[in-house]
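Comments concern the structure below.
Indexing begins at 1, ligand by ligand and atom by atom, following the structure's order.
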Amino acid sequence: MRTLVVYYSLTGKTELVAEAIAKVLNADIRKIKEARKRRVPFGFISGGFAAMRKKGCKIKEMNLNLDYHLIFLGTPVWGSKPTPAINAFISKADFKDKKVIIFVTMGAIGDKSAIKIMSDAIELKGGKIINSFAIKTGGIKDEKIFKQGEDIGRQYRNK
Ligand SMILES: Cc1cc2nc3c(=O)[nH]c(=O)nc-3n(C[C@H](O)[C@H](O)[C@H](O)COP(=O)(O)O)c2cc1C
């Protein structure tokens, strides 16, 4: 089974989860990169506001092909919403008849509304959400975050 992991990550936590899932499933992995580098503090603040208004942003050109049996799509939660970068990816890619598993990382809260917004947007584009996962990263050691990603991946091994 061909599996793809696509993710956006600003500070590396979502990346840990994405890499763990890809490792366990021997999946292809792609990082969504913003066209403009976000700097502390203004890039973070403006990003939070853009996320809260469900905006997209400019992302670097990337492979948008989703010709896989299963697609994991991951983002941090910003202001209880998905990030502008993941919004931009969802608006560009063709999800018709694609099986999608959403994963989000967050300090502590906001996963449910972020997952709902992503699910709605993907379903509007013809995709099918088959599951979703939320991983808390606030005060959690990187090894534990990575392990949670491995646990998610293991659930889809040999499926
Ligand atoms: C602009 C911004 C907004 C955030 N908003 C939330 C939030 O609403 N709820 C939350 O629990 N964490 C929030 N966080 C924390 C991140 O979701 C969390 O640290 C995440 O795991 C970071 O993922 P990353 O390292 O892949 O970028 C926010 C972080 C940033 C930079």
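Side chain of K58 to main chain of R36: no donor-acceptor pair is present (N/O by atom type, distance under 3.5 Å, no hydrogens or angles). The backbone N or O of T3 sits nowhere less than 3.5 Å from a side-chain atom of H69 that would complete a donor-acceptor pair. A donor-acceptor pair under 3.5 Å links the side-chain atoms of N87 to the main chain of K55, judged by distance alone.
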Chi angles and distances behind the ring pair (Phe, Tyr, Trp, His ring centres under 6.0 Å) call for F72, Y7: CA-CA 8 Å; F72 285 83; Y7 70 98; over 10 Å; no

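In this structure, the protein non-hydrogen atom closest to atom 5 (N) of ligand 1 is G79 N, 2.9 Å. Given atom 29 (C) of ligand 1, the protein heavy atom at minimum distance is W78 CD1, 3.8 Å. Scanning the protein heavy atoms around atom 8 (O) of ligand 1, the nearest turns out to be S80 N, 2.9 Å. If you check which protein heavy atom lies closest to atom 9 (N) of ligand 1, you get I109 O, 2.7 Å.
Residue V77 holds the heavy atom nearest to atom 16 (C) of ligand 1 of all those in V77, V40, L10. Nearest residue to atom 21 (O) of ligand 1 from T105, T11, L16 is T105 (criterion: closest heavy atom).
Under 3.5 Å, the side chains of E34 and Y8 contain a donor-acceptor pair of N or O atoms. Checking T105 against T14 by side-chain atom types alone, a donor-acceptor pair falls below 3.5 Å.
The shortest N/O to N/O separation between T137 and ligand 1 falls below 3.5 Å. At under 3.5 Å, not a single nitrogen or oxygen of Y8, backbone or side chain, sits near a nitrogen or oxygen of ligand 1. At a 3.5 angstrom cut-off on N or O pairs, G107 counts as close to ligand 1. Looking at ligand 1, you'll find an N or O of A108 within less than 3.5 Å of one of its N or O atoms.
Residue contacts with ligand 1: G47 is excluded, as none of its non-hydrogen atoms falls under 4.0 Å. Residue-ligand proximity: G110 is placed with every non-hydrogen atom at 4.0 Å or more from ligand 1.
For ligand 1 and S9, the ligand atoms under 4.0 Å from any heavy atom of the residue are 24 (P), 25 (O), 26 (O), 27 (O). Those atoms of ligand 1 that come under 4.0 Å of a heavy atom in G12, given as number and element, are 24 (P), 25 (O), 26 (O). Listed by number with element, the atoms of ligand 1 under 4.0 Å from a non-hydrogen atom of F44 are 1 (C), 31 (C).
In this structure, the side chains of V17 and Q148 stay at 4.5 Å or more apart for every pair of heavy atoms.
The minimum heavy-atom distance between A85 and I32, with the atom names listed, is O-CG2, 3.9 Å.
Residue S132 forms a side chain to side chain contact (heavy atoms under 4.5 Å, CB included) with just one option from L73, I102, V104, V100, and that option is I102.
The neighbour count for K99 NZ, taken as heavy atoms of other residues, nucleotides or ligands under 6.0 Å away, does not exceed 12.
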